[in-house]
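Written out below as structure tokens is the structure these notes cover.
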Amino acid sequence: MARIVVGMSGGVDSSVAALRLKREGHEVIGVFMNNWEETDESGVCSAERDWADVQRVCEIIDIPYYSVNFARAYRERVFAYFLDEYRRGRTPNPDVLCNREIKFSAFLDFALTLGAQKVATGHFAGVDRRDGRYALLRSADENKDQTYFLYMLGQRALSYACFPVGGMTKAQIRDCAAQAGLPTSAKKDSTGVCFIGERNFKQFLQQYLPAQPGDMVTAAGRVVGRHDGLMFYTLGQRRGLGIGGGGDGRRWFVVGKDLAGNRLIVEQGDDSPRLYSGWAQAGALSWIAGRAPVEDGRPFECMVRLRHRQTLQGARITIEGDCAHIRFDRPQRAVTPGQAAVFYLGDECLGGGAIDRAEHDGMTGGAQT
RNA sequence: UGGGAUGUAGCCAAGCGGUUAAGGCACGGGACUUUGACUCCCGCAUUCGCAGGUUCGAAUCCUGCCAUCCCAG
């Protein structure tokens, strides 16, 4: 029996999380976060729909509910960083920060003021106590695991965290919701940047950053087209380049950015060597345990993931201060500065860092730290 | 304005008298997905530079015109 505040998004996962806790006999309080006050291109404010769903679900489960607004914190602690990274030509992952700064910081603190002993979310992940510390574990539904987005959490956050649906499969969650008659049982999974939602990314970014068109060139320097602004592209990207025909007729991919020259580097063929990296360096390391798993300079083998849902990749890591040097067992495609490299050992997520550079990353002119 | 070559969708590019005008890239839509991407699926020329002609039938043959490229001047 504990007082538990559940972060409810209006989706099935968090609905079922709340339902399960209630059934276990806890004193459950549902809280909806509205952290982005803006309508999308079609003029729809999906947050209103989601809040309505949260209310309906809570009525059915019979728990009290509240709505809180962390829009300012989100802007200052997540979105500012997001724009900053794009200005540097990098490709940030705002959701990782959102979890640390909003859901497991601002929101957690708010829950504590409500007298909560625990804070729950609908994340696909697990928490366990191991060797006197809290461990972040991969979810039972291997295909939905969201630990990639949670690697920045620390011991304090995990000591309060609880993921009621982390041991379930997506199908089980929907079944559970349907049987309980929850209106969110068949609701489509949400995608896009957390709290901001799915939208035309280019148009969205354009509202905040000035675009500066320039040349699109091959690694050899041949001009093959024009780009609308370097921030609109990311390494490994194919669509939106607008260049077709010519050359050997294969697809074109972004393989680098020349920040100083405002040129986008592109190459043809998905097997271009410039698209693959044998190693990468990650900085701003964050460990779930609060400290690195091994001492500096001593290499260790573990698994790594460079993007959400990627199959775990074998790697050898060497840590030196706040920098991890990662050597992949197999070359990795489109290793992108700004994105997260997250480390795993067995079923445990150890932590991770932000990729600063990688072999063949093609980033020049100020993108590197 | 002498000679040669070429003109097929936004870009490459098959097709060389018989019919639904290959394929790839780009683009559009969808699936997948709590980042950005990748990937996958579907769609995408009633029409072959233009105008005539030959033929039962032409993008495919003939004539003229237009355009572009190359070599000569």
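Because only heavy atoms are used, hydrogens play no part in the values below, and waters and symmetry mates are left out as well, while side chains stay in. Chain letters run A, B, ... following the sequence lines, proteins first, then strands; residues in each count from 1.
- Residue-level contact check: A:F82 touches neither bases nor backbone, having no heavy atom under 4.0 Å from any strand.
- Using cut-offs of 30° and 60° for the angle between ring planes, the A:Y86 and A:F201 rings count as tilted.
- Between the CZ atom of A:R238 and the C1' atom of B:rG24 there is a distance of 11 Å, given to the nearest Å.
- To the nearest whole angstrom, the two P atoms, one in B:rC61 and one in B:rC48, are 15 Å apart.
- Here the separation of B:rG36 from B:rG30, taken at their P atoms, is 16 Å to the nearest Å.
- Nucleic acid contact for A:T336: base, since at least one base atom lies under 4.0 Å from a heavy atom of the residue.
- The distance from atom CG of A:L205 to atom P of B:rU35 is 15 Å, rounded to the nearest whole Å.
- Under the side chain to side chain donor-acceptor pair (under 3.5 Å) criterion, A:E267 pairs with no residue at all, not counting sequence neighbours.
- Partners of A:H26 under the ring pair (Phe, Tyr, Trp, His ring centres under 6.0 Å) rule, at least two apart in sequence or in another chain, do not exist in this structure.
- With C1' as the reference atom, B:rA22 and B:rC16 are 15 Å apart, rounded to whole Å.
- Nucleotides B:rG18 and B:rU54 place their C1' atoms 16 Å apart, quoted to the nearest Å.
- Within the nucleic acid shown, A:R239 comes within 4.0 Å of at least one base atom, counting heavy atoms only.
- B:rG15 and B:rG49 are spaced 16 Å apart, taking the P atom of each and rounding to whole Å.
- Using a 4.0 Å heavy-atom cutoff across all strands shown, A:G122 reaches no nucleic acid atom at all.
- Relative ring orientation between A:H227 and A:Y233 is described as perpendicular, the plane-to-plane angle rising above 60° on a 0-90° scale split at 30° and 60°.
- Remark: A:R77 pairs with A:E101 by the salt bridge (Lys or Arg N to Asp or Glu O under 4.0 Å) rule, at least two apart or across chains.
- Taking a 4.0 Å limit (strictly below) on heavy-atom distances, residues 302-313 of chain A reaches RNA chain B at A:R307, A:H308, A:R309.
- Atom CG in A:N200 sits roughly 13 Å away from atom P in B:rC27 (whole-Å rounding).
- If you check every strand for non-hydrogen atoms under 4.0 Å, A:Q339 touches a base.
- For the pair A:Y74 OH and B:rU35 C1', the computed distance is 9 Å after rounding to whole Å.
- The interatomic distance linking A:D248 (CG) with B:rA13 (C1') rounds to 13 Å, in whole Å.
- Positionally, the nearest nucleotide of RNA chain B for A:G240 lies more toward the 5' end than for the other of A:R333 and A:G240.
- Identified under the ring pair (Phe, Tyr, Trp, His ring centres under 6.0 Å) test for residues 289-319 of chain A, with sequence neighbours left out: A:F149-A:H308.
- Computed from coordinates, the A:F149 CZ to B:rA37 P distance equals 13 Å when rounded to whole Å.
- Under the side-chain hydrogen bond (donor to acceptor under 3.5 Å, both in side chains) criterion, the residue pairs touching residues 338-348 of chain A are A:R130-A:D347, A:R130-A:E348, A:R133-A:E348, A:T147-A:Y344, A:R305-A:Y344, with sequence neighbours excluded.
- In RNA chain B, runs of at least 3 consecutive Watson-Crick or G-U pairs, each pair with both distances below 3.5 Å, span B:2-7 with B:66-71, B:10-12 with B:23-25, B:27-31 with B:39-43, B:49-53 with B:61-65.
- Residues meeting the salt bridge (Lys or Arg N to Asp or Glu O under 4.0 Å) test with A:R307, sequence neighbours left out: none.
- In this structure, B:rC69 shows a glycosidic angle more than 90 degrees from zero, which is the anti conformation.
- Comparing B:rU63 with B:rU46, their P atoms are spaced 29 Å from each other, to the whole Å.
- For A:F107, the CZ atom sits in a packed shell: over 12 heavy atoms of surrounding residues, nucleotides or ligands are nearer than 6.0 Å.
- We find that CD of A:Q237 is positioned 12 Å from P of B:rA26, with the value rounded to whole Å.
- A heavy atom closer than 4.0 Å to some atom of RNA chain B occurs in A:D95, A:N99, A:K103, these being the qualifying members of residues 95-106 of chain A.
- Here A:M1 is tied to no hydrophobic group at all, with no ILVMFWY side chain closer than 4.5 Å.
- Applying the ring pair (Phe, Tyr, Trp, His ring centres under 6.0 Å) rule to pairs touching residues 263-296 of chain A yields A:W279-A:H325, A:W287-A:F343, sequence neighbours excluded.
- Counting non-hydrogen atoms under 4.0 angstrom, A:K202 reaches nothing in the nucleic acid.
- B:rC11 atom P lies 17 Å from atom CD of A:Q268, rounded to whole Å.
- Between A:Y148 and A:G242, the residue anchored closer to the 5' end of RNA chain B is A:G242, taking for each the nucleotide with the nearest heavy atom.
- With a 6.0 Å cutoff to the six-membered ring centre and a 45° limit on the axis angle, A:K202 counts as a cation-pi contact of A:F232.
- Contact annotation: A:R251 side-chain N/O to B:rU39 OP1/OP2 distance is under 4.0 Å.
- Under 3.5 Å, the side chains of A:Q313 and A:D329 contain no donor-acceptor pair of N or O atoms.
- With a 4.5 Å cut-off between side-chain heavy atoms of Ile, Leu, Val, Met, Phe, Trp and Tyr, the cluster of A:F104 takes in A:V127, A:Y134, A:L136, A:L150, A:L153, A:L158, A:F163, A:I288.
- Between the C1' atoms of B:rC50 and B:rC27, the separation comes to 28 Å (whole Å).
- Ranking B:rC25, B:rC38, B:rA31 by closeness to the A:K188 side chain, first place goes to B:rA31.
- Atom P of B:rC41 sits at a distance of 38 Å from the matching atom of B:rA58, rounded to the whole Å.
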